[in-house]
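Below: one structure, written as structure tokens.
The model shown is predicted, which means the values in this text are computed figures rather than measured ones.
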Amino acid sequence: MTNDIIVSSNGPVCFVGGAKIGNKALGADFANVNSFVGVDGGADHLLAAGIAPVAVIGDFDSLSDKARATFADVLCHVSEQDTTDFEKALTRVTAPLIYALGFTGGRIDHILGVLNVMARYPDRAVLLVDDDDVSFVITHRLENLELPANSRISLMPLAALVVSATGLRWPLADFAMHPAGKTSGSNATSGEPVHIRTNGPLLVTLPRAHLATAVTAVARAE
């Protein structure tokens, strides 16, 4: 974590990136969010939605002139090119929970870059959200995840891992995973509470409809 904190919040913060988002993406699910951060070109989504960000962070290579002028008072330009805009924002914002919207569905290298950052900052409670999914990282265990039977759940390794999981249609017992090896990307719940243990960064993905469950889960995850 850098020392040059730009935003410090006691409540959830929503990062908005520049990838395509749905028309209702900034709707009721984010009614409890008081602080929005535009991540480079994501500020244009906030401009279109009539939302004033507390900061716009990035190298501004994709920020429109209109957004640049409208949000001039909260622009935080970070010129270095060693990190992605997502990492620039994540290391300069402190909050108990960060929703990350507008970071999927675009360029594959950008998506992979976001997952790389989430793997390297597993102590940050980040929910990666789009119209279909909500994803978060655990590094040790997640207990008593309550989901209806036959709910879609994906377990994808972000490093070489050993994973055990129960409460799934296809449970796992000391299952070796690797980003270039075996995964459990298309599993489902059995109706029993889900328990997951891992020894490294594991990406858990649920349907967007279970966003509230994911919020509870990421707060309890270890």
Side-chain angles (χ1 to χ4, degrees), residues 1 12 15 17 19 22 25 29 84 86-87 90 95-222:
M1 182 70 67
F15 287 3
D29 286 336
T84 65
F86 180 72
E87 185 170 357
L90 190 65
L97 176 66
I98 292 174
Y99 298 98
L101 183 70
F103 294 94
T104 62
R107 286 171 45 179
I108 188 66
D109 57 324
H110 287 177
I111 298 170
L112 291 173
V114 169
L115 296 179
N116 174 276
V117 172
M118 289 175 68
R120 289 188 288 110
Y121 294 89
D123 58 314
R124 305 303 309 276
V126 176
L127 289 174
L128 186 62
V129 185
D130 60 28
D131 285 348
D132 299 311
D133 300 316
V134 53
S135 303
F136 55 93
V137 169
I138 65 171
T139 56
H140 295 96
R141 62 183 179 180
L142 177 60
E143 306 285 356
N144 295 309
L145 182 63
E146 300 281 354
L147 291 165
N150 299 315
S151 295
R152 173 171 54 85
I153 184 169
S154 169
L155 306 179
M156 296 294 291
L158 299 180
L161 307 176
V162 177
V163 179
S164 294
T166 59
L168 304 181
R169 183 182 299 169
W170 297 284
L172 306 172
D174 294 329
F175 187 69
M177 290 188 176
H178 191 280
K182 292 183 178 180
T183 70
S184 184
S186 186
N187 215 317
T189 57
S190 67
E192 297 295 321
V194 176
H195 303 271
I196 304 171
R197 292 181 181 272
T198 178
N199 63 346
L202 179 70
L203 188 75
V204 180
T205 299
L206 307 175
R208 167 71 180 263
H210 296 307
L211 178 60
T213 300
V215 171
T216 301
V218 77
R220 297 200 320 254
E222 298 179 10

Shortest non-hydrogen contact from [X] to [Y]?
X: A160; Y: P179; result: N-CD, 4.2 Å
X: E146; Y: P193; result: OE2-CG, 3.7 Å
X: P122; Y: T139; result: CB-CG2, 3.2 Å
X: P96; Y: P12; result: CG-N, 4.5 Å

Is a side-chain donor or acceptor of [X] paired with a backbone partner of [Y] at a separation under 3.5 angstrom?
X: R208; Y: D130; value: yes
X: D133; Y: T205; value: no
X: N187; Y: I153; value: no

Any heavy-atom pair between the side chains of [Y] and [X] that's under 4.5 Å?
X: Y99; Y: V134; result: no
X: F15; Y: V126; result: no
X: T198; Y: M177; result: no
X: V163; Y: S184; result: no
X: N144; Y: H195; result: yes
X: R197; Y: E143; result: yes
X: T84; Y: F103; result: no
X: L202; Y: L142; result: no

With S151 via side chain to side chain contact (heavy atoms under 4.5 Å, CB included) - residues at least two apart: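 S151 satisfies side chain to side chain contact (heavy atoms under 4.5 Å, CB included) with L147, P148, T189, H210 only.
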Looking at [atom1] of [X] and [atom2] of [Y], how far apart are the two atoms once the value is rounded to the nearest 0.5 Å?
X: D109; Y: N116; atom1: CG; atom2: CG; answer: 12.0 Å
X: R152; Y: D132; atom1: CZ; atom2: CG; answer: 7.0 Å
X: L155; Y: I196; atom1: CG; atom2: CD1; answer: 5.0 Å
X: D131; Y: T104; atom1: CG; atom2: OG1; answer: 8.0 Å
X: R220; Y: I138; atom1: CZ; atom2: CD1; answer: 11.0 Å
X: T166; Y: L145; atom1: OG1; atom2: CG; answer: 10.5 Å

More than 12 heavy atoms from other groups under 6.0 Å of NE2 on H178: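 Atom NE2 in H178 is packed in, count exceeds 12.
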More than 12 heavy atoms of other groups within 6.0 Å of E192 CD: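 Atom CD in E192 is not crowded, with 12 or fewer foreign heavy atoms closer than 6.0 Å.
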Side chain to side chain contact (heavy atoms under 4.5 Å, CB included) assessment of M118 paired with F86: CA-CA 10 Å; M118 289 175 68; F86 180 72; 4.2 Å; yes
